[in-house]
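Everything below concerns the one structure shown next.
Letters A, B, ... mirror the listed sequences (proteins, then strands); counts begin at 1.
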Amino acid sequence: MGNNILSIDDVKKILPQRYPFLMIDRIIETNLERVVAIKNVSINEPFFEGHFPDKKVMPGVMMIEAMAQAGIILVWFILSQKKDIEPNKHRIYFLGGVNKARFYQPVVPGDQLKIEVRPVKIFSTIGIISAEVFVDDKKVAQAEISFSIKEI
Amino acid sequence: MSQLEKEIREIIAEVLEKKPEDIPLEAHLFNDLGADSMMALEILAAIEKKYKVVVPEENLPKITSLKKILDLAESLLSNKKKTKN
């Protein structure tokens, strides 16, 4: 069974976010239990200009955004497997809550984030996912993220 | 008060960031206690995890009080017992 790898072109068909807010480069695993996303953190990230001028650290809020975007891919996949749901309909996802967020070590230019997201509870209009972020197999962050889903 | 009622009241209190004694049995979660649909989903997710049951989507609009959540949990748990036997 394949891992359902999604290229950046596939990711852009699912996520509405664009530069400088597209926080996923590639999806390396997609199934009903989890999605694994890759985000390469480069010195050219716009947020490094100000965060901070003398010490480059990826902002925690951007890590949350990356986790939430990986979560969108997971929800898109789960909903697309359900018969009663139109997979290609345009949906917009609103952040509803962030729980149990923890940041264990700073993320710096050159790090590759491996973001693993799992469903906690997904309904057609509302959902909760849990996310863990790894760099070199060491956990650097985690959060539980809830959001509402609107078809447009 | 049953053990189940005590446990579910604690789950609701934690999600709503209130004390268990501030969750009356019949109080309306949205109108009286300030909950929203996201909190309702968090309550359902916590119940699923604790009691190893699956709450179908159509139940989401129905859970408007501790009493209604308790009724739902009781029926899910009794169905679970039946399928096991």
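- Looking only at heavy-atom pairs under 4.5 Å with chain A, the residue among Asp36(B), Val55(B), Leu44(B) that has the most is Val55(B).
- Tyr104(A) OH: more than 12 foreign heavy atoms inside a 6.0 Å radius.
- Around the CG atom of Asn31(B), the shell of radius 6.0 Å holds more than 12 heavy atoms that belong to other residues, nucleotides or ligands.
- Under the side-chain contact (heavy atoms from CB on, under 4.5 Å) test applied with Leu41(B), the options Ile126(A), Thr125(A), Val120(A), Ile122(A) reduce to a single match, Ile126(A).
- At most 12 heavy atoms of other shown residues, nucleotides or ligands fall within 6.0 angstrom of atom NZ in Lys12(A).
- Around CZ of Arg26(A), the count of heavy atoms belonging to other residues, nucleotides or ligands within 6.0 Å does not exceed 12.
- In this structure, CG in Leu95(A) is found 8.0 Å from CE in Met38(B), a value given to the nearest 0.5 Å.
- With a 4.5 Å cut-off on non-hydrogen atoms, Glu48(B) touches chain A through its side chain but not through its backbone.
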